[in-house]
Asks: 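Please find one structure pasted underneath; my questions will follow.
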Amino acid sequence: ATDIPALFNLLKKLDIELLGVVEIVDPKMLEESARKYLGNQFKVIYAPSKSSQKIGFLYDSSVLEIQGAPEIYAEVMLDPDSWLRPAFRAFFKVKENGADFQAIITHLKAAPSGYDKRERQWKVLKEILTRLPQELGDEDIILMGDFNNVSKLGYDEFIPTMDSLG
């Protein structure tokens, strides 16, 4: 079981403004807990899904505002029929100075045996990250998530993709 008060007290100490969240099983509980422990300005957005696990963002709405509609990248899912682990993007604007950025949250396949699926997911993410700056006219993109780099390559598993993107 998760110690909800301890988790949110840590997030409060970290003074978060944006957090990518994976394995959301109860979005309502997440949002209620965020408001209870962090304040009413905290909002949760997540990718709608038939799956029991969702991905999304927890953000401080007194600092950030969402611009436009978030987007789901179904091509990253483990299985197109499962709705499990798509990538999810939202466009955020900093209220104080107008700076803006795209944030993408993803949750890649776990386990060393999942390397082939993770490799496919990385290939799709690379395609998305390559085309987004031109499509959106914005090169400020933050990729976050649970990359599950549990193969013997560890961190090196995703360095080639990130290096190729600059």
Asks: Going only through I, L, V, M, F, W and Y residues with side-chain contacts under 4.5 Å, is there a path from F91 to F88?
Replies: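 F91 and F88: separate clusters.
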Asks: After noting the C-alpha distance and the side-chain angles of L58 and L11, does the key distance pass the side-chain contact (heavy atoms from CB on, under 4.5 Å) rule?
Replies: CA-CA 11 Å; L58 170 64; L11 293 176; 4.2 Å; yes
Asks: Would a single hydrophobic cluster contain both L19 and Y37, if residues Ile, Leu, Val, Met, Phe, Trp and Tyr are joined by side-chain heavy-atom contacts under 4.5 Å?
Replies: yes
Asks: Does one hydrophobic cluster hold both L7 and F57, with members joined at side-chain heavy-atom distances below 4.5 Å?
Replies: no
Asks: Answer yes or no: is there an ion pair linking E31 with R35, defined by an N-O contact shorter than 4.0 Å?
Replies: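 Looking at R35 together with E31, the answer is yes, because their closest N to O distance falls below 4.0 Å.
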Asks: Go through it in stages, so that I can follow the logic: the residues are I104 and I141, the test is side-chain contact (heavy atoms from CB on, under 4.5 Å), and I'd like the CA-CA distance, side-chain angles, deciding distance and then a yes or no.
Replies: CA-CA 7 Å; I104 299 174; I141 302 170; 4.0 Å; yes
Asks: Would you indicate whether E139, at its atom CD, is surrounded by more than 12 heavy atoms from other residues, nucleotides or ligands within a distance under 6.0 Å?
Replies: no
Asks: Which atom names give the shortest non-hydrogen contact between I142 and M144, and what distance separates them?
Replies: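 So the minimum-distance heavy-atom pair works out to CG2-CE, 3.7 Å.
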Asks: Might you point out which heavy atoms bring F8 and S33 nearest each other, and give the distance in Å?
Replies: CE1-CB, 3.4 Å
Asks: Any side-chain to backbone donor/acceptor pair from N148 onto L108? Under 3.5 Å, distance only.
Replies: yes
Asks: Mind telling me whether F101 and F92 have parallel, tilted or perpendicular rings, with 30° and 60° as the class edges?
Replies: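 Rings of F92 and F101: parallel, under 30°.
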Asks: Between R131 and E75, does at least one N-O distance fall below 4.0 Å, as a salt bridge requires?
Replies: yes
Asks: Looking only at heavy atoms, what is the nearest atom pair of S49 and K54, with distance?
Replies: O-NZ, 3.2 Å
Asks: Would you say Q134 has more than 12 foreign heavy atoms packed within less than 6.0 Å of its CD?
Replies: no
Asks: Side chains of Q121 and E119: do they bring a donor and an acceptor to under 3.5 Å?
Replies: no
Asks: If you round to the nearest 0.5 Å, how far is CD of Q102 from CD of Q67?
Replies: 10.0 Å
Asks: Kindly give the heavy-atom pair with the smallest separation between G56 and I24, and that separation in Å.
Replies: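 In terms of heavy atoms, the two residues are closest at N-CD1, 3.7 Å.
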Asks: When you measure from the side chain of R89 to the backbone N and O of A103, does any donor-acceptor pair fall under 3.5 Å?
Replies: no
Asks: How long is the span from the CG atom in D60 to the CD atom in E65, to the nearest 0.5 Å?
Replies: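 Separation between the atoms: 12.0 Å.
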Asks: Say whether L129 and W122 are linked into one hydrophobic cluster, either directly or through other cluster members, by side-chain heavy-atom distances under 4.5 angstrom.
Replies: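 Cluster IDs for L129 and W122 match.
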Asks: What about Y46 and F42, same hydrophobic cluster or not, with Ile/Leu/Val/Met/Phe/Trp/Tyr joined at side-chain heavy-atom distances under 4.5 Å?
Replies: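 Y46 clusters together with F42.
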Asks: Are I55 and V21 side-chain neighbours, meaning at least one heavy-atom pair lies under 4.5 Å?
Replies: no
Asks: Count the heavy atoms belonging to other residues, nucleotides or ligands that lie under 6.0 Å from NZ of K43, then report whether that count exceeds 12.
Replies: yes
Asks: Pair L125, V76 - check side-chain contact (heavy atoms from CB on, under 4.5 Å), show working.
Replies: CA-CA 7 Å; L125 282 170; V76 179; 4.2 Å; yes
Asks: Can you check whether P70 reaches I45 side chain to side chain, under 4.5 Å on heavy atoms?
Replies: yes
Asks: Are more than 12 heavy atoms, taken from residues, nucleotides or ligands other than K95, located less than 6.0 Å from that residue's NZ atom?
Replies: yes
Asks: Do S62 side-chain atoms and Q41 backbone N/O form a donor-acceptor pair below 3.5 Å?
Replies: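 The answer is no, because no donor-acceptor pair under 3.5 Å joins these two groups.
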Asks: Which pair of non-hydrogen atoms, one from D100 and one from D140, has the smallest distance, and what is that distance?
Replies: O-OD2, 3.5 Å
Asks: Evaluate Y59 against I16 for side-chain contact (heavy atoms from CB on, under 4.5 Å), listing each step before the verdict.
Replies: CA-CA 8 Å; Y59 70 100; I16 65 160; over 6 Å; no
Asks: Any idea which heavy atoms bring F147 and T106 closest together, and the distance?
Replies: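 Answer, listing the atom of F147 first, then T106: CE2-CG2, 3.7 Å.
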Asks: When rounded to the nearest 0.5 angstrom, what is the spacing between CG in N9 and NZ in K13?
Replies: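 Answer for the CG-NZ pair, N9 versus K13, is 7.0 Å.
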